[in-house]
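Note sheet for the following structure.
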Protein chains: 2
Amino acid sequence: MQETLARRMETFRRECVERGLAVTHQRAVIYEALARSHDHPTPEAVYETVREKIPSISLATVYKNIRAFEEAGLLRQVTPLHESVRLDANLSDHHHLVCLRCKSVTDLPADSIEPVRVKGRLPTRFRVERFNVEVLGLCARCASSQ
Amino acid sequence: MQETLARRMETFRRECVERGLAVTHQRAVIYEALARSHDHPTPEAVYETVREKIPSISLATVYKNIRAFEEAGLLRQVTPLHESVRLDANLSDHHHLVCLRCKSVTDLPADSIEPVRVKGRLPTRFRVERFNVEVLGLCARCASSQ
DNA sequence: ATAAATGCAAATCTTTTGCCATCTC
DNA sequence: GAGATGGCAAAAGATTTGCATTTAT
C-alpha cells in the first residue's frame, strides 16, 4: 500500500516531466494528498490538507494545479457537471448522455441501457435510492469539430 | 404531446396545493419552461426563457422556486454533486456511492456492478468514452440520523 | 538564465439571503 | 387580511485571473 503510493508518486513525476510540468514542492504535496485520499475531496479540502505541510500555500495554487493535473490526465472530476446546477423535470426512470466538451446533456430512455445490477454486497449499510448512469463522451457536434 | 404538457401543468398545480405552495404566475411559467425543456437547463437558462414571458422576473425568484420545486419533489438535479468539484485521482475503472444528504462519495470497485451495456443505438452520433455510474442514496450515518 | 510557478489580491461567476412591497388563498 | 412570495440589492461561496516575486530546469 505504501509501495503503491511511492509508485504513484513516481508516475506523477514522470508524467509531469513528459508534459513539461515542473515538479515543484507544492505540486508533489498536492498530488500526494489526492493520491492518499479516498473521499473525493473538494479543492478546499485538499487545501486544508496541504496546508499542514506547506502552511504558506495559497488556495489559488491548489486550484491552478488541480486544473493542470486534470489537463495532464492525472486526475478527474467525479462528475463533469458541477459548474452549474442542471435541472431535470422528467422524473421517470432514464439516463443521460453527457458531452465532456460542451457539457450538453441528453436524455437516454431507461430501456436503452441494461438495468444496473449490483453484484455482491455494497460496502456499508448504504440505503440505495436510485442509480444515475451518465454516458460520457463527445456529442456529434463536438466530435466533428475536434 | 401538448396534451402531456397540459397534464403536467395540472399535476404541478395539484402538487403545489398539496404542499402548501401558492400557485403564482411566476411559478407556473418557471415550471412550464422546465417541463418543456429537454436540455437540462441551468437556472440562468431558465431565467432567460422565463424572461420572455415575464420580463420583470428576478434571477433570485428563479433560484428560490427551483429550490422549492426540488424540495416538493417536482424536479431533480442531474447530479447531486455540483456544489463544488469533487476530485478523483484513481483513474482505474470504478463507480461511486453518493450520499444524497451529506454528499459523501465512496468508491465502488468496478466488479461490484454488472458492466453497463447499451441496448440498441444511442440517439446521435455520440462518441462514447466511458460510463459514470452513481449509486445514490443515504450513507449509513445519514440513514440512521434520519 | 529563462520560462514557468507561486502567492496575493482583486475579479468573476453562481447561489443565497434580507427586507419591504405585493399577491394568493 | 394573514401569511407566503416576488423583486431588488447585498452577501456568501466557489473559482479564476493579473501581476510581481520566486523557483525549477
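Proteins come first, then strands; the chains are lettered A, B, ... in the order of their sequence lines, and each starts at number 1.
If you check every strand for non-hydrogen atoms under 4.0 Å, B:Ser84 touches sugar and phosphate atoms only. B:Thr24 comes within contact range of the sugar-phosphate backbone alone, with a heavy-atom separation under 4.0 Å but no base atom that close. If you check every strand for non-hydrogen atoms under 4.0 Å, B:Ser56 touches sugar and phosphate atoms only. Nucleic acid contact for B:Ala22: sugar-phosphate only, since backbone atoms but no base atoms lie under 4.0 Å from a heavy atom of the residue. Residue contacts for A:Leu21: at a heavy-atom cut-off of 4.0 Å it reaches the sugar-phosphate backbone alone, with no base atom in range.
The ring-ring contact (aromatic ring centres under 6.0 Å, His included) analysis of residues 114-142 of chain B, with sequence neighbours excluded, yields no pairs.
A side-chain donor from one of A:His94 and A:Asp88 sits under 3.5 Å from a side-chain acceptor of the other. A side-chain donor from one of A:Asp107 and B:His40 sits under 3.5 Å from a side-chain acceptor of the other. Between the side chains of B:Gln77 and B:His82, at least one donor-acceptor pair of N or O atoms lies under 3.5 Å.
Computed from coordinates, the B:Tyr63 OH to C:dC13 C1' distance equals 9 Å when rounded to whole Å. If you take CD1 of A:Ile57 and C1' of C:dT6, they are 8 Å apart, rounded to a whole angstrom. Across the protein-nucleic acid pair, A:Arg51 atom CZ and C:dC8 atom P stand 10 Å apart, rounded to whole Å. Regarding A:Arg86, its CZ atom lies at a distance of 11 Å from the P atom of C:dT15, rounded to whole Å. The nearest whole Å value for the distance from the CG atom in B:Leu59 to the C1' atom in C:dT15 is 8 Å. Note: CD1 (A:Ile66) to C1' (C:dT6) measures 15 Å, nearest angstrom. C:dT22 atom C1' lies 14 Å from atom CZ of B:Arg27, rounded to whole Å. The nearest whole Å value for the distance from the OH atom in B:Tyr47 to the P atom in C:dT16 is 16 Å.
Side-chain atoms of A:Arg14 do not come within 3.5 Å of backbone N or O of A:Met9 as any donor-acceptor pair.
Protein chain B touches strand DNA chain D; the 5'-most and 3'-most nucleotides with an atom under 4.0 angstrom of its non-hydrogen atoms are D:dT5 to D:dT15.
DNA chain C lies under 4.0 Å from no heavy atom of any residue of residues 72-82 of chain A.
Heavy atoms only, all atoms of each residue included: B:Arg101 and B:Cys142 are closest at CD-SG, 3.6 Å. Across A:Val133 and A:Ile113, no two heavy atoms sit closer than the pair CG1-CD1, 3.9 Å.
Of the two residues near DNA chain C, B:Pro43 and B:Val23, the one whose nearest nucleotide lies more 5' is B:Pro43. In this structure, A:Ala60 and B:His25 both approach DNA chain D, and ranking their closest nucleotides by distance from the 5' end singles out B:His25.
With salt bridges taken as basic N to acidic carboxylate O contacts below 4.0 Å, one links A:Arg19 and A:Glu15. Of the charged side-chain nitrogens involved, at least one lies within less than 4.0 Å of a carboxylate oxygen, so that A:Arg51 and A:Glu48 count as a salt-bridged pair.
Aromatic ring centres of A:Phe12 and A:Phe69: separated by under 6.0 Å.
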